[in-house]
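Beneath this line is the structure, given in structure tokens, with notes to follow.
Numbers here are sequence positions counted from 1.
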Amino acid sequence: MSAQVRMRLLPSARCLFDEPVQVKVAGLRSRQVVTMRARSTDERGVLFNSSASYRADDSGEIDLERDASLCGSYVGVEPMGLLRSLKPDALHKYFFKNRALEPFMVNFSVHEEEGRMLAEATNERFLMGDGVRRVPVKEGNFQGVLFTPPGDGPFPAVLDLNTFKSEKRASLLATRGFIVLALTVFIGKLNLERMNLDDYEEAVKFLQNHPKVNSKGVGILSRSKGSDVALSLAAFVPGVEAVVWINGCNANVGAPLYYKGRQILTPLMLDFNKVIPTDSGAYFIKQAVENPLAEEHKSSIIPIERANGHFLFVASEDDLCWDSKAYVDDMVGRLKRHGKKNFETVTYPGAGHVLEPPYGPYCPSFLHGMVDFSVVWGGEPRAHAAAEVDLWTKIQDFLKAHLGCNSAQTK
């Protein structure tokens with residue numbers, strides 16, 4: 001390494017997962033061209049890498065908030081481009097970083113064109129802020145992980161419904177002042193014979209009865225399959241005050257839904273004859289999902305017009321898993337016909353299915369747990385990353401607005 005070249009991560013090399021860092025290099029020769037690299041290993045041991053070339057200014061400095069990448073994993077000015085463009089050598093890999101107690105570690109380095117490393121720095125990106133508690137919960141017919149902010153509260157409560165296990169959103173929201181119960185829709189072996197809404201109602205009641213939760217109703221954060229469970233809770237279960245629906249369906253998908261011992265919704269299924277293979281080995285499944293508006297499938301549509309809570313519908317226009325925008329249009333039309341005004345909508349051109357908290361690696365395709373093969377998720381990487389930044393703020397603002405938040409408690 002070079003003694004005079006310095007790499008800095010500002011304002012600190014330690015930050016939260018959903019916070020940007022400013023990457024700066026000083027001590028280079030005037031107008032010197034160098035390559036910066038980023039690398040990180042996920043929880044399954046898969047190595048992800050990115051790299052890009054930059055030209056120093058007359059003072060021998062590079063600032064990723066100002067300076068464009070000339071070539072590499074991304075091109076142009078994109079301050080967090082090296083993180084967004086991290087990718088593995090193998091196809092169809094998702095960056096698994098879901099255990100909240102361990103930080104997302106990213107090594108940044110700067111190299112001469114010949115390859116010699118000049119400087120490096122490590123960014124520790126934490127999923128939990130100071131004082132946040134993580135407690136596994138198993139009560140009745142549900143199990144999950146509860147995240148509570150520091151302090152006595154009362155705090156607004158959120159049920160975070162993930163199709164498969166993840167603690168990322170829940171731990172970050174708890175850091176922002178919410179009590180969050182992370183619940184997995186599918187635990188262990190996939191069971192599509194029946195789903196019981198009562199199990200999720202137990203989770204809602206658990207949050208309502210928590211001593212640190214305020215008197216307002218519960219909010220629900222959901223995406224994909226979790227989103228139709230969230231809609232069903234809002235329609236059938238008292239106490240759901242706010243629902244964030246991200247790239248899901250307007251109908252019950254995959255398994256018959258039961259509540260209080262009787263079937264309330266039939267399942268919308270996939271027609272595997274309409275699954276389209278790609279050269280990469282992943283599949284397009286968007287056109288394979290049955291049409292919920294067809295007469296024979298209308299018994300799967302969730303009657304959200306019954307709900308008293310508020311909805312934030314989020315649709316990515318390049319979602320290649322669900323026809324999310326069409327589902328939103330149907331739900332909005334239905335609510336309007338019933339005289340309802342309890343909804344907001346956000347659409348993101350260029351974004352794909354898997355919208356997550358910002359500044360993680362973009363994932364174009366990986367294994368879909370419900371169909372057991374890799375699918376294409378969609379999205380133009382840069383537009384998708386920008387959508388994640390924008391949406392993460394909107395989610396928090398929406399939940400604060402409808403869950404009776406004290407601004408001093410939710411930051």
- Assert yes or no for the condition that the ring centre distance of Tyr283 to Phe373 is strictly below 6.0 Å. yes
- Message: Checking Ser316 against Asn247: is there a side-chain donor and acceptor pair closer than 3.5 Å?
- Response: yes
- Item | Residues Arg169 and Asn162: side-chain donor-acceptor under 3.5 angstrom | yes
- Item | Distance in Å, Asp330 CG paired with Lys325 NZ, rounded so as to fall on 0.5 Å steps | 11.5 Å
- Task: Evaluate side chain to side chain contact (heavy atoms under 4.5 Å, CB included) for Arg334 paired with Asn250, printing each intermediate quantity in order.
- Result: CA-CA 11 Å; Arg334 194 148 30 101; Asn250 58 347; 4.2 Å; yes
- Query: When you check the side-chain N and O atoms of Tyr259 and Glu201, is any donor under 3.5 Å from an acceptor?
  - Reply: yes
- Judged by atom type as modelled, is there a donor-acceptor pair below 3.5 Å linking the side chain of Ser40 to the main-chain atoms of Met105? yes
- Message: Between Phe147 and Phe178 (judged by ring centroids, cut-off 6.0 Å), do the two rings come close enough to count as a pair?
- Response: no
- So OG1 of Thr347 and CG of Asp329: to nearest 0.5 Å the spacing works out to 9.0 Å
- Please say whether more than 12 non-hydrogen atoms of neighbouring residues, nucleotides or ligands are located less than 6.0 Å from NZ in Lys205. no
- Task: Just grab all the side-chain hydrogen bond (donor to acceptor under 3.5 Å, both in side chains) pairs involving residues 113-125, residues at least two apart or on different chains.
- Result: Arg14-Glu124, Asn107-Glu120, Glu112-Arg116, Asn123-Arg125
- Query: Is there a donor-acceptor contact under 3.5 Å from the side chain of Tyr327 to the main chain of Pro292?
  - Reply: no
- Query: Would you say the side-chain atoms of Ser224 and Trp322 include a donor-acceptor pair closer than 3.5 Å?
  - Reply: yes
- Query: Counting N and O atoms only, with roles assigned by atom type, does the side chain of Lys340 sit under 3.5 Å from a partner on the main chain of Ala307, one being a donor and the other an acceptor?
  - Reply: yes
- Query: Any donor-acceptor pair under 3.5 Å linking the side chain of Ser324 with the backbone of Ala315?
  - Reply: no
- Task: Answer yes or no: is there a side-chain heavy-atom contact under 4.5 Å between Arg55 and Val34?
- Result: no
- Value for CZ (Arg134) from CG (Leu127), rounded to nearest 0.5 Å, stands at 11.0 Å
- Message: Is any side-chain heavy atom of Met331 closer than 4.5 Å to one of Phe313?
- Response: yes
- Phe311 and Phe343 aromatic centres sub-6.0 Å: no
- Message: Quiz question: by atom type and distance under 3.5 Å, do the side chains of Asp63 and Gln22 form a donor-acceptor pair?
- Response: yes
- Task: Step by step, work out the side chain to side chain contact (heavy atoms under 4.5 Å, CB included) result for Leu146 and Phe206.
- Result: CA-CA 10 Å; Leu146 184 69; Phe206 171 84; 4.2 Å; yes
- Message: So does Ser51 get a backbone contact from the side chain of Ser73, meaning a donor-acceptor N/O pair under 3.5 Å?
- Response: yes
- Note on the structure: Rounding to 0.5 Å, atoms CG (Leu64) and CG (Leu83) come to a distance of 10.0 Å
- Task: Heavy atoms only: give me the nearest His384-Gly352 pair and the separation to one decimal.
- Result: ND1-N, 2.9 Å
- Message: Set out, in order, the CA-CA distance, both residues' side-chain angles and the distance that settles side chain to side chain contact (heavy atoms under 4.5 Å, CB included) for Lys260 and Leu197, then state yes or no.
- Response: CA-CA 8 Å; Lys260 298 190 182 301; Leu197 193 62; over 6 Å; no
- Query: Heavy atoms, side chains only, cut-off 4.5 Å: are Asp271 and Val289 in contact?
  - Reply: no
- Compare all side-chain heavy atoms of Ile304 with those of Leu335 and state whether any distance is below 4.5 angstrom. yes
- Query: Is His210 reaching over with its side chain to a backbone N or O of Lys212, donor-acceptor style, under 3.5 angstrom?
  - Reply: yes
- Should Cys321 and Ile285 count as side-chain neighbours, where that means a heavy-atom distance under 4.5 Å? yes
- Examine the side chains of Glu167 and Asn98 and answer whether a donor and an acceptor come within less than 3.5 Å of each other. no
- Query: Of all heavy-atom pairs between Val243 and Phe398, which one has the smallest distance, and what is that distance?
  - Reply: O-CE2, 3.7 Å
- Would Phe366 and His92 count as a close aromatic pair, with their ring centres under 6.0 Å? no
- Query: Does atom CZ of Arg29 have more than 12 heavy-atom neighbours from other groups under 6.0 Å away?
  - Reply: no
- Query: Are any side-chain N or O atoms of Asn49 and backbone N or O atoms of Leu86, one a donor and one an acceptor, separated by less than 3.5 Å?
  - Reply: no
- Task: Under the salt bridge (charged side-chain N to carboxylate O under 4.0 Å, His left out) rule, collect the residues that match up with Asp57, sequence neighbours excluded.
- Result: Arg66
- Item | The single option from Tyr362, Phe17, Phe48 passing ring-ring contact (aromatic ring centres under 6.0 Å, His included) against Phe95 | Phe48
- Query: Taking all non-hydrogen atoms of both residues, which atom of Ser300 and which atom of Pro267 are closest, and how far apart?
  - Reply: CB-C, 4.2 Å
- May I ask you to decide if Met7's main-chain N or O and Lys24's side chain share a donor-acceptor pair within less than 3.5 Å? no
- Query: Once you round to the nearest 0.5 Å, how far does NZ of Lys168 lie from CG of Asp160?
  - Reply: 11.5 Å
- Sort and list the pairs that fulfil salt bridge (charged side-chain N to carboxylate O under 4.0 Å, His left out) and have at least one residue in residues 69-83, not counting sequence neighbours. Glu78-Arg84, Glu78-Arg382
- Task: Would you mind reporting whether Glu388 and Tyr348 have side-chain heavy atoms less than 4.5 Å apart?
- Result: no
- Look only at the side chain of Asn214 and the backbone of Leu403, and say whether a donor-acceptor pair between them is shorter than 3.5 Å. yes
- More than 12 foreign heavy atoms under 6.0 Å from NZ of Lys286: is that the case here? yes
- Side chain to side chain, Ile264 and Tyr258, heavy atoms closer than 4.5 Å: no
- Query: At what distance, to the nearest 0.5 angstrom, does CG of Asp89 lie from CG of Leu47?
  - Reply: 7.0 Å
- Evaluate the side-chain proximity of Glu380 to Asp318: yes if any heavy-atom separation is below 4.5 Å, no if none is. no
- Message: Counting the benzene-type ring for Trp, do Phe104 and Tyr359 have ring centres under 6.0 Å apart?
- Response: no
- Note on the structure: Between Val185 and Tyr200 the two heavy atoms that sit nearest each other are O-OH, 3.4 Å
- Any donor-acceptor N/O pair, Lys97 side chain to Glu102 backbone, under 3.5 Å: yes
- Task: Of all the heavy-atom pairs spanning Pro357 and Leu172, show the shortest one and how long it is.
- Result: CB-CD1, 3.8 Å
- If you look at every heavy atom in Ala182 and Ala170, which pair is closest and at what distance? CB-CB, 3.7 Å
- Task: Test side chain to side chain contact (heavy atoms under 4.5 Å, CB included) on Lys394 and Val346 and set out the steps.
- Result: CA-CA 9 Å; Lys394 280 185 167 60; Val346 182; 3.8 Å; yes
